[in-house]
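This structure is a prediction, so every number in the text was calculated from the model and none was measured. Each chain gets a letter, A, B and so on, in the order its sequence line appears, and its residues count up from 1. FYI, side chains are in, hydrogens and waters are out, and symmetry mates aren't considered; it's all heavy atoms of this structure.
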Number of protein chains: 2
Amino acid sequence: MRIGDLSHRTGVSPRMLRYYEEQGLITARRLDNGFREYDDYLVDRVHKIRGLLDAGIPTRIIGNILPCLHQAEIVVEDADPQLRAMLVEQRDKMTERIAVLEQNRDALIRYIDAMDRAAPESNRSSGETTAVA
Amino acid sequence: MRIGDLSHRTGVSPRMLRYYEEQGLITARRLDNGFREYDDYLVDRVHKIRGLLDAGIPTRIIGNILPCLHQAEIVVEDADPQLRAMLVEQRDKMTERIAVLEQNRDALIRYIDAMDRAAPESNRSSGETTAVA
DNA sequence: TCGAACCTTCACACCCATGTCAAGGTCAAG
DNA sequence: CTTGACCTTGACATGGGTGTGAAGGTTCGA
């Protein structure tokens, strides 16, 4: 698949796909004409990158943890303590971010509920659920 | 409390406190000499701002949702549907971010576990727990 | 053969969160 | 009165993620 295809399949601009490559997050083979050729698994990978980026993780960190994210048990023979420390740090930062987000989301939920209770009948702008999911 | 105090109590630089004020996230009274004077409740507020910023929420959004975050039931008489839509959107984005972070953190946890199983005895760099907290 | 649609690299430009520095005012302690 | 620690505003700088445009190559269908 070429860069336009990957872009369409992921909703990420070609500009950004080249940037992620430059940052070492994805790699592409090259066709004879110089065009980038991407493997299918990169669609998922790019989605994962987007999610992490949106969650405030910078590309440098993403690059570090990405190899460890797909499945464990694979190539865990090195046991580099540096790497382990970094992973533990990122794990804890994520846990912290999760706590903050949950707390604030719950406050939002309560506020929205209060609005709805204060003004029944109105609001409810089409196909949207107030459920917590 | 003046800016240096607030800075010490929150770990946020004076520069950033002024910036948050400029962005409408906090406000300060002024003393006769022009110095900013902060109320105690701002310590918590600044911590909250930091948490949201670290979680990838931009100041503009923070400014919008912050008034709704402290307690519901207060001044919910307006029932502006614009506001409600924005809150719902942010609630959903947070839920999404939480899901992404949990998923990736869990992958990290599995990977770390796998490392530890592959290389017992070593690692374990002092006072750190592998528990999920 | 031509044009459209794609690709390449490179560069400039933007926003945002942040640091840092300069030039100056306030105030309390020595 | 001076010094040092604090405050003010304003400006310039930087890094990260992103958009956009120029100048040019490839490919394919009319």
Side-chain angles (χ1 to χ4, degrees), chain A residues 1-39 42-43 45-66 90 93 96-97 100-101 104, chain B residues 1-39 42-43 45-66 90 93 96-97 100-101 104:
Chain A
M1 145 181 47
R2 292 186 309 182
I3 201 168
D5 300 349
L6 184 56
S7 175
H8 289 137
R9 288 214 220 167
T10 58
V12 174
S13 69
R15 170 71 175 85
M16 282 300 100
L17 294 174
R18 297 193 190 99
Y19 176 69
Y20 299 158
E21 180 178 341
E22 187 187 316
Q23 302 300 307
L25 305 185
I26 55 178
T27 42
R29 274 169 293 112
R30 291 302 182 122
L31 300 175
D32 290 356
N33 54 17
F35 290 12
R36 287 172 178 81
E37 175 72 8
Y38 296 99
D39 291 330
L42 287 172
V43 174
R45 188 160 173 130
V46 169
H47 279 135
K48 184 158 297 202
I49 292 169
R50 281 302 332 157
L52 291 167
L53 236 21
D54 287 343
I57 319 274
T59 51
R60 204 191 116 261
I61 304 294
I62 297 177
N64 287 335
I65 68 180
L66 213 44
Q90 292 308 317
K93 277 195 184 151
E96 176 62 24
R97 276 172 164 76
V100 167
L101 285 172
N104 286 286
Chain B
M1 152 182 40
R2 293 186 307 182
I3 201 168
D5 301 349
L6 184 56
S7 175
H8 290 137
R9 289 214 219 165
T10 57
V12 174
S13 69
R15 171 70 174 86
M16 282 301 99
L17 294 174
R18 298 195 191 99
Y19 177 68
Y20 299 159
E21 180 178 343
E22 188 187 316
Q23 301 301 306
L25 305 185
I26 56 179
T27 42
R29 272 170 294 114
R30 292 302 182 122
L31 301 175
D32 289 355
N33 56 15
F35 290 13
R36 288 172 178 81
E37 176 72 8
Y38 296 99
D39 291 329
L42 288 172
V43 174
R45 187 160 173 130
V46 169
H47 279 133
K48 185 160 298 200
I49 292 169
R50 280 305 330 159
L52 291 168
L53 236 21
D54 287 343
I57 318 273
T59 50
R60 202 191 120 263
I61 303 295
I62 297 177
N64 287 335
I65 68 180
L66 213 42
Q90 292 308 316
K93 277 194 185 153
E96 176 61 26
R97 276 173 164 77
V100 167
L101 285 172
N104 285 287

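As rounded to whole Å, 17 Å separates atom P of C/dT26 from atom CD1 of B/I3. The distance between atom CZ of A/R2 and atom P of C/dC7, rounded to the nearest whole Å, is 5 Å.
Listed by residue number, the members of residues 30-37 of chain B with any heavy atom below 4.0 angstrom from DNA chain C are B/N33, B/F35. DNA chain D lies under 4.0 Å from at least one heavy atom of each of the following residues of residues 8-17 of chain A: A/S13, A/R15, A/M16. For DNA chain C, the neighbouring residues in residues 55-63 of chain B, judged by any heavy atom under 4.0 Å, are B/P58, B/T59. Contact check of residues 18-28 of chain B against DNA chain C (heavy atom, cut-off under 4.0 Å) returns B/Y19, B/Y20.
Side-chain N or O atoms of B/R97 include one that pairs as donor or acceptor with a backbone N or O of B/G56 at under 3.5 Å. Side-chain atoms of B/S7 never come within 3.5 Å of backbone atoms of B/I3 as a donor-acceptor pair (strictly under, hydrogens ignored). Looking at B/E37, its side chain never comes within 3.5 Å of a backbone N or O of B/R30 through a donor-acceptor pair.
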Verdict with reasoning, B/L42 to B/Y20, per side chain to side chain contact (heavy atoms under 4.5 Å, CB included): CA-CA 11 Å; B/L42 288 172; B/Y20 299 159; over 6 Å; no
Determine, step by step, whether B/M1 and B/V43 satisfy the side chain to side chain contact (heavy atoms under 4.5 Å, CB included) criterion, reporting the C-alpha distance in whole Å, the side-chain angles of both residues, the deciding distance to 0.1 Å, and the verdict. CA-CA 10 Å; B/M1 152 182 40; B/V43 174; 4.0 Å; yes
Please evaluate residues B/E21 and B/L17 with respect to the criterion side chain to side chain contact (heavy atoms under 4.5 Å, CB included), reporting the C-alpha separation (whole Å), side-chain torsions for both, the decisive distance (0.1 Å), and the verdict. CA-CA 6 Å; B/E21 180 178 343; B/L17 294 174; over 6 Å; no
The test is side chain to side chain contact (heavy atoms under 4.5 Å, CB included); show your working for A/K48 and A/I62 and say whether it passes. CA-CA 10 Å; A/K48 184 158 297 202; A/I62 297 177; over 6 Å; no
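For A/L52 against B/V100, the heavy-atom pair with the smallest separation is N-CG1, 4.1 Å. Counting all heavy atoms, side chain and backbone alike, B/I26 lies closest to B/Y38 at CD1-CE2, 4.2 Å. When all heavy atoms of B/L6 and B/T10 are compared, the pair lying nearest together is O-OG1, 2.7 Å. Nearest approach of A/L25 to A/R45, heavy atoms of both residues: O-NE, 2.9 Å.
First and last contacts of DNA chain D with chain B, using any nucleotide atom under 4.0 Å from a protein heavy atom and ordered 5' to 3', fall at D/dC7 to D/dA11.
Partners of B/N64 by side-chain contact (heavy atoms from CB on, under 4.5 Å), not counting sequence neighbours, listed by chain and number: B/R60, B/M86.
Between A/Q90 and A/K93 the shortest side-chain heavy-atom distance falls below 4.5 Å.
One finds the CZ atom of A/R36 at 5.5 Å from the CZ atom of A/R18 (value rounded to the nearest 0.5 Å). Annotation: the span from A/I49 atom CD1 to A/I57 atom CD1 amounts to 13.0 Å, rounded to 0.5 Å.
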